[in-house]
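As the structure lists them, so they are numbered: ligands from 1, and atoms in each ligand from 1.
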Amino acid sequence: MPCSLIVGGFYGDEGKGKIASYLAVKDDVGIVARGGVGPNAGHTVFWRGKLYKMRMLPSGFVNPKCRLLIGPGVLVNPEVFLKETTLLKVENRVGIDFQCAIIERQHIDRDRASNYLKRKIATTGTGCGPCNVDRVGRTVKLAKDVPKLKRFLVDVPLEVNRAINDEKTVLIEGTQGTFLSLFHGTYPYVTSKDVTASSIAADIGVGPKSVSEVIVVFKAYVTRVGGGPLKGELIEEEAEKKGWAEVATVTGRKRRSAPFDFGLAKRAVMLNGATQIAITKLDILFPECKRVTSFKDLPRQAMEFIEKVETSTKTPVNMLGTGPSVEAIIDRR
Ligand code: IMP
Ligand code: MG
């Protein structure tokens, strides 16, 4: 499969980072390109005993042969980008598109000083919303105007489309989740742009016909940070008991949680045109699944849950996360 696209099916934090890093290694991917909003994202990757929390770079960094690109639709915070690039020592294989919009201090200040954004919507405070406002107003600074980014600048759409035409394996990594989409989410409790599969592809400059697989990622339960509705939300003690009480990667806030939502899952498959489903944290829902790597070794209850997801969405569940590390996965493809 030359070009696959990974997208979040709920409210972000579904574990896209784990699935992307697994595929980057397993499928010998040549390029991982990141779409999505910007450094409001936090992708957690647990690789070879180390925990990485990535906000700008694609999670495919775990494969040392993988080229790492950031598409023109993504907002770049140069400090965050340079910090991650140095930390991972990927200077020689990372590229940003010339046309990425730049988040400046004033965007972060505007995000945090606004009562509406900070209190009501409860944004991540990373400046993404105000930066997208300036992009629409056509006043924003682009990556090509920033000297310290010069050595990383490339034409991402050209590089990615060439790779696809040469039948190299390309992975496109989305951020946030379907119901945080500005168009399809729980407005106004959403992020500052559409984040469904079509927009993620457009962030990179890849047309819909060039995408061969759309993988929607769900967690075995639903979490959400910030404001907005959450069907079946648990009280904090209940969430703690179940092990669903998570802490947000970017903001350190507590995530709200609820049981898996079959209605949302079905709609996410529709909105993204998903061809495959990945479900993470199966081991949190069914502890006997921990580190299981073969479907036949799953407990009956877990199998029934997977079958129910497949029947209600009419889409195959091809990957199952059974532990934090990149390798803890059941691959049924
Ligand atoms: P913003 O994207 O920072 O403007 O925040 C808008 C809403 O989206 C808030 O509810 C955030 O908590 C949420 N959000 C943005 N990015 C992510 C993410 O990567 N994971 C989970 N929630 C996010
Ligand atoms: Mg996250």
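With rounding to the nearest 0.5 angstrom, the CG atom of Leu68 is 11.5 Å from the CD1 atom of Ile96. Of the inter-residue distances, the one linking Phe98 atom CZ with Asp145 atom CG reads 11.5 Å to the nearest 0.5 angstrom.
Among residue pairs with one or both ends in residues 70-85, those qualifying as salt bridge (Lys or Arg N to Asp or Glu O under 4.0 Å) are Glu79-Lys148; sequence neighbours excluded.
With 3.5 Å as the limit, one finds a donor-acceptor pair spanning the side chains of Asp111 and Thr123.
Inspection of the environment of the Mg ion (ligand 2) yields the following protein N, O or S atoms under 2.8 Å: Asp13 OD1, Gly42 O.
Note: Phe286 and Phe305 have tilted aromatic rings, judged against thresholds of 30 and 60 degrees for the angle between ring planes.
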Between ligand 1 and the protein, which N/O pairs fall short of 3.5 Å?
unit_1: ligand 1; atom_1: 2 (O); unit_2: Asn40; atom_2: ND2; d: 2.9
unit_1: ligand 1; atom_1: 2 (O); unit_2: Thr191; atom_2: OG1; d: 2.7
unit_1: ligand 1; atom_1: 3 (O); unit_2: Thr124; atom_2: N; d: 2.9
unit_1: ligand 1; atom_1: 3 (O); unit_2: Thr124; atom_2: OG1; d: 2.6
unit_1: ligand 1; atom_1: 10 (O); unit_2: Val225; atom_2: O; d: 3.1
unit_1: ligand 1; atom_1: 12 (O); unit_2: Val225; atom_2: O; d: 3.1
unit_1: ligand 1; atom_1: 12 (O); unit_2: Arg253; atom_2: NH2; d: 2.9
unit_1: ligand 1; atom_1: 16 (N); unit_2: Gln176; atom_2: NE2; d: 3.2
unit_1: ligand 1; atom_1: 19 (O); unit_2: Gln176; atom_2: NE2; d: 3.4
unit_1: ligand 1; atom_1: 20 (N); unit_2: Asp13; atom_2: OD1; d: 3.4
unit_1: ligand 1; atom_1: 20 (N); unit_2: Asp13; atom_2: OD2; d: 3.3

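Through direct or relayed side-chain contacts under 4.5 Å between Ile, Leu, Val, Met, Phe, Trp and Tyr, Val133 connects to no other residue.
Closest of all the heavy-atom pairs between Leu75 and Cys131 is CD2-SG, 3.9 Å.
Judged purely by atom type and a 3.5 angstrom limit, Glu14 uses its side chain to pair as donor or acceptor with the backbone of Gly9.
Relative to the ring axis of Phe262, Lys308 places its NZ or CZ within 45° and under 6.0 Å from the centre.
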